[in-house]
Amino acid sequence: MRRERSGLGPDWHVGGELAARYAAGTAAESDAWSLEKHVEACGACAAVVSSAVRAGPETGPLLAGIRAAVLERAVQEPRESVGSRAYAGDPEAHESAASPAFADTATAARTGAAPGTGTGPAIGTSTGAGTTGVPPRLSRAARVVWAAGPALRGAWLVALVVVALGAVALSYGAGLGASVRPLLLVTAPVLPLAGVALSYGLHADPLYEIATSTPAGGLRLLLTRAAAVLAVSVPALTLAGAVLPVASGGPGAAAWLLPGLALTLAALALGSFVGGRRGAAAVAAAWLAFVVAPSAAGGPAGAALMAGASPYFAGPAVQSGWAAGAVACALLLAARRRSFDHLETP
């Protein structure tokens with residue numbers, strides 16, 4: 001990688017040697033990540049990498065074949081829009097494009113006014129969704145949430161709200177009091193697990209194949225979406241637990257955090273072997289079998305459930321064990337990071 005000046009900073013660019021190694025798949029992971037991030041903002045280096053990829057003995061013919069197939073398909077499929085038909089030489093399209101109505105529409109598009117009225121919504125405020133499926137009227141923050149994964153805009157988010165508000169309603173509205181807290185404790189670690197399972201993978205994301213093929217795909221995108229799920233679920237469930245009446249001698253409202261983190265990382269690590277959905281399902285089944293079932297063995301009553309759940313949440317030794325498990329799963333996930341560069345099998 002060549003630099004325009006010594007020292008670290010933004011003034012470095014991709015050299016031919018690094019581009020060739022990246023195209024051949026032999027570049028070090030740190031160099032590949034730096035290159036992928038750099039070409040997002042540097043057109044000149046993106047052209048260098050593109051030339052190296054096209055010149056490769058394996059990737060060159062493949063890309064040429066894809067380009068030829070796309071062009072052939074584009075020529076064969078009829079174009080419905082006026083602009084595309086005009087480009088193809090359709091005289092009626094040229095006539096339509098030159099008509100006053102078309103000119104009025106073009107003026108409206110430039111000024112943001114409705115055709116023939118002089119007023120109307122500005123460009124980009126249409127209520128319809130574009131080709132990406134994201135409504136144009138969404139704010140920047142809403143678009144970030146939209147891109148954070150399917151879980152944050154689907155049934156999982158509704159389930160999270162129902163659990164958090166339902167726990168408070170049962171405690172104060174139904175008069176169950178402190179007996180609700182152990183129920184929330186054994187339920188809370190599974191909710192982020194479900195959110196992660198619904199955020200990435202063949203069966204969860206309709207754009208999974210496309211997202212995996214991008215420089216930001218794979219484990220990087222999965223961790224980003226997992227962080228988004230945790231950023232929503234951790235405050236909601238912890239706050240719900242904090243407002244519940246405190247049971248005498250029971251774990252605190254945040255006692256589920258380390259178990260939840262360990263379960264999430266375990267699902268991600270196991271997903272590198274069997275896929276995200278199967279990994280999350282296996283970890284959730286293990287939690288139900290080895291934590292929830294023994295906790296409820298003494299009965300579903302609040303005191304009995306709290307007594308059964310406390311050994312899995314309370315105490316420095318227990319929390320240290322969950323922390324150690326989270327670290328072990330994180331190390332396994334790091335060792336298996338390359339597995340997320342490949343598509344899941346159905």
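Residue numbers run from 1 in the order of the sequence given. None of these values were measured; they are calculated from a predicted model.
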If you look only at distance, which donor and acceptor atoms sit under 3.5 Å apart when one is on a side chain in residues 319-327 and the other is two or more places apart or in another chain?
residue: Q319; atom: NE2; partner: A255; partner atom: O; Å: 3.1
residue: Q319; atom: NE2; partner: F313; partner atom: O; Å: 2.5
residue: S320; atom: OG; partner: P316; partner atom: O; Å: 2.7
residue: W322; atom: NE1; partner: Y312; partner atom: O; Å: 2.8

Review point. Does R277 reach the main-chain N or O of A197 with its side chain, forming a donor-acceptor pair under 3.5 Å?
Key: no
Check your understanding: Of the non-hydrogen atoms in A267 and A280, which two are nearest, and what is the gap between them?
Key -> CB-CA, 3.9 Å
Practice item. Could you name each residue pair satisfying side-chain hydrogen bond (donor to acceptor under 3.5 Å, both in side chains) that touches residues 161-171, not counting sequence neighbours? Key: none
Study note, to complete from the structure: Applying side-chain hydrogen bond (donor to acceptor under 3.5 Å, both in side chains) to R67 and not counting sequence neighbours gives none
Exercise for review: Please determine, by modelled atom types, if R336 and S272 share a side-chain donor-acceptor pair under 3.5 angstrom.
Suggested key: yes
Could you pull out all donor-acceptor pairs under 3.5 Å where a side-chain atom in residues 228-236 meets a protein atom, sequence neighbours excluded?
residue: S233; atom: OG; partner: V229; partner atom: O; Å: 2.9

Point to revise | Worked check of side chain to side chain contact (heavy atoms under 4.5 Å, CB included) between L332 and L265 | key: CA-CA 9 Å; L332 178 59; L265 291 173; over 6 Å; no
Point to revise | Heavy-atom donor-acceptor pair, W287 side chain to V186 backbone, under 3.5 Å | key: yes
Point to revise | A174: partners by side chain to side chain contact (heavy atoms under 4.5 Å, CB included), with sequence neighbours left out | key: L170, L176
**Study point:** Backbone N/O of G218 and side chain of Y200: donor-acceptor pair under 3.5 Å
**Key:** yes
Practice item. Give a yes or no on whether the backbone of A46 and the side-chain of S50 come within a donor-acceptor separation of less than 3.5 Å. Key: no
Review point. Is the number of heavy atoms from other residues, nucleotides or ligands under 6.0 Å of Y172 OH greater than 12?
Key: yes
**Study point:** Residues that R54 engages under salt bridge (Lys or Arg N to Asp or Glu O under 4.0 Å), provided they are two or more places apart
**Key:** none
Check your understanding: Under 3.5 Å, side chain of R278 to main-chain N/O of G271, donor-acceptor pair present?
Key -> no
